[in-house]
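What follows is a single structure, written as structure tokens, with notes after it.
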Number of protein chains: 2
Amino acid sequence: MPKALKIYSQDLTANPLLSHCDEGMIQKFVSSATIKTYPKGSVIFLQEDEASYFYIIVDGWVKLFRETLDGAEAIIDVISLGSMFGEGAIFSNNIYPHAAQTIEDATIIRIPLLLLKDAIEEDKAFAMHMLYVMAANRNQQDKELEHRDLQSAPQKIGCFLLRLCKPHQEGPIILNLPYDKTLLASRLGMKPETFSRALAKLKKETGISISGATVTFNSVNQLSDYSCSACSSTYPCQDL
Amino acid sequence: MPKALKIYSQDLTANPLLSHCDEGMIQKFVSSATIKTYPKGSVIFLQEDEASYFYIIVDGWVKLFRETLDGAEAIIDVISLGSMFGEGAIFSNNIYPHAAQTIEDATIIRIPLLLLKDAIEEDKAFAMHMLYVMAANRNQQDKELEHRDLQSAPQKIGCFLLRLCKPHQEGPIILNLPYDKTLLASRLGMKPETFSRALAKLKKETGISISGATVTFNSVNQLSDYSCSACSSTYPCQDL
DNA sequence: CGAGGTGTTGAAAGTGCTCAAATGGCGTGG
DNA sequence: CCACGCCATTTGAGCACTTTCAACACCTCG
């Protein structure tokens, strides 16, 4: 059942950057924003497209990716509620540096980039928050790069599952994979077949159980012992 | 022959960020800066170290990397003249998010992070430049991630060589590899043995010639045809 | 029921890795 | 100047992991 298509300010403040705006600024954003539900598979924009808007996800999932001439694609990130995308175009001559596509039905708010640009230029505190957000993002990417190099396929899956847990979560854990396995595979830089086999191996080696999209295990240690040895961060690594 | 250890303002303005400072601010940086020559292999700081300074390279090469418990390391970047590093700690609770080590004898300027922080907070234009620099950096990393996934070992080398050329360079080209092959290998995410074999293959497939650290070829097309098909950017991709 | 999407499995091929050994350059100490 | 040792690089052989191609199972939807 689709959410009523009205924009609430909390839809914006769900985003780590905009959560630092004062109410007046949020209102300015809201009044120029539009909201829309896209069916699964919709292309929001392509790499190199002229950019006039940035986006915030209210519901559903979106993948950010780059595509080569011969059709291969590299997934940069897969994001959901409260995540912002397209804002990077501000710093790239108003050209989107990657493509964005929904991978589930998704409800997304669209806001003119100009407003964001103004906010950054006018409001010093806001600019500082933007810096923090970008720095966090950069660290995230560095870590991602490390993972792709250093972890085996089953370790990558284990690491991904760990990041799905709340930090310091205790006791038995039941997770649902947030989107389909084919996509998850390429999010982790592998083929679907490899993913399937790697998941089976992870199951065998760590004793977690998997049924469909549901993953169950008794303690995070079961996974962290297995996955985190091939990583430079120490376990509860989400709070970076 | 070591450069005289005196700090010149042009050593700072060689950096893309600091090049946007006015003379007064540069002087402030200079007056709190120290300069030092480090022998090859010096560790400047380790991941997780408490951070009080950021650095600018005057001469030589530095690698930025992350290391896992079991000794494997992922190289984030290898940088030289005019590049800045360690500045990311400003946004990470004054903890360096990666390690830095010289890979050749290197002359490096050290500046208190506090000064940088002040500059960002006081000077709006400077903060904006910081944002641009970080955005460029992020795009760079995205591209890097794509390369690791999508390119074969020989293509990675070809791509690296292309980025060593000046954009739109015409005619025959002679390059020198900027640092040793072992490091270059891990910069590109492969083992030295693989690098050696991949280089041989690149030579055979594209007709370029290699002797020691010297690479010669007639035209960039020789390489771009081979390497750039597996990349989402179109050829002269340095000007991103 | 049949179609199409999603996920799994099997066999064969490919690519990069490990381990081990050979090569070659280069600086040091004789 | 030479012998030696060190280090970077190359080469070879075998191995491990991932991919590719193909087939099949399963589920949902029309």
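First the proteins, then the strands, lettered A, B, ... as listed; each starts at 1.
In this structure, A:L184 places its CG atom 15 Å from C1' of C:dT8, rounding to the nearest Å. For the pair B:K201 NZ and D:dT10 P, the interatomic distance rounds to 17 Å; values are reported in whole Å. Nucleotide C:dG5 holds its P atom 13 Å from the CG atom of A:D180, rounded to whole Å. With rounding to whole Å, B:Y179 atom OH is found 16 Å from D:dA8 atom C1'.
Of the residues A:D59, A:T102, A:T37, the one that meets the side-chain hydrogen bond (donor to acceptor under 3.5 Å, both in side chains) test with A:T107 is A:T37.
Between B:V62 and B:I103 the shortest side-chain heavy-atom distance does not fall below 4.5 Å. Side-chain contact between B:L81 and B:V58 is absent, with no heavy-atom pair separated by less than 4.5 Å.
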Given A:R148 and B:D149, is the salt bridge (Lys or Arg N to Asp or Glu O under 4.0 Å) satisfied, shown in steps?
-> CA-CA 8 Å; A:R148 301 254 175 143; B:D149 262 21; 2.5 Å; yes
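Using a 4.0 Å cut-off between charged nitrogen and carboxylate oxygen, A:K63 and A:E104 do not count as a salt-bridge pair. In summary, B:K156 and B:E146 do not engage in a salt bridge, as defined by a charged side-chain N under 4.0 Å from a carboxylate O.
In this model, a donor atom of one side chain and an acceptor atom of the other lie less than 3.5 Å apart for A:N139 and B:S92.
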For residues 38-50 of chain B, dump all side-chain donor-acceptor pairs below 3.5 Å to protein atoms at least two apart in sequence or in another chain.
| unit_1 | atom_1 | unit_2 | atom_2 | d |
| --- | --- | --- | --- | --- |
| B:S42 | OG | B:P39 | O | 2.5 |
| B:Q47 | NE2 | A:S232 | OG | 3.3 |
| B:D49 | OD2 | B:L46 | N | 2.9 |

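A heavy atom closer than 4.0 Å to some atom of DNA chain D occurs in B:E193, B:S196, B:R197, these being the qualifying members of residues 187-200 of chain B. Within a heavy-atom distance below 4.0 Å of DNA chain D, the residues of residues 149-157 of chain A found are A:S152, A:A153.
Contact between the side-chain N/O atoms of A:K40 and the OP1/OP2 oxygens of C:dT6 is found at a separation under 4.0 Å. Dashed line: the shortest gap from a side-chain N or O of B:T182 to OP1 or OP2 of D:dT9 is under 4.0 Å.
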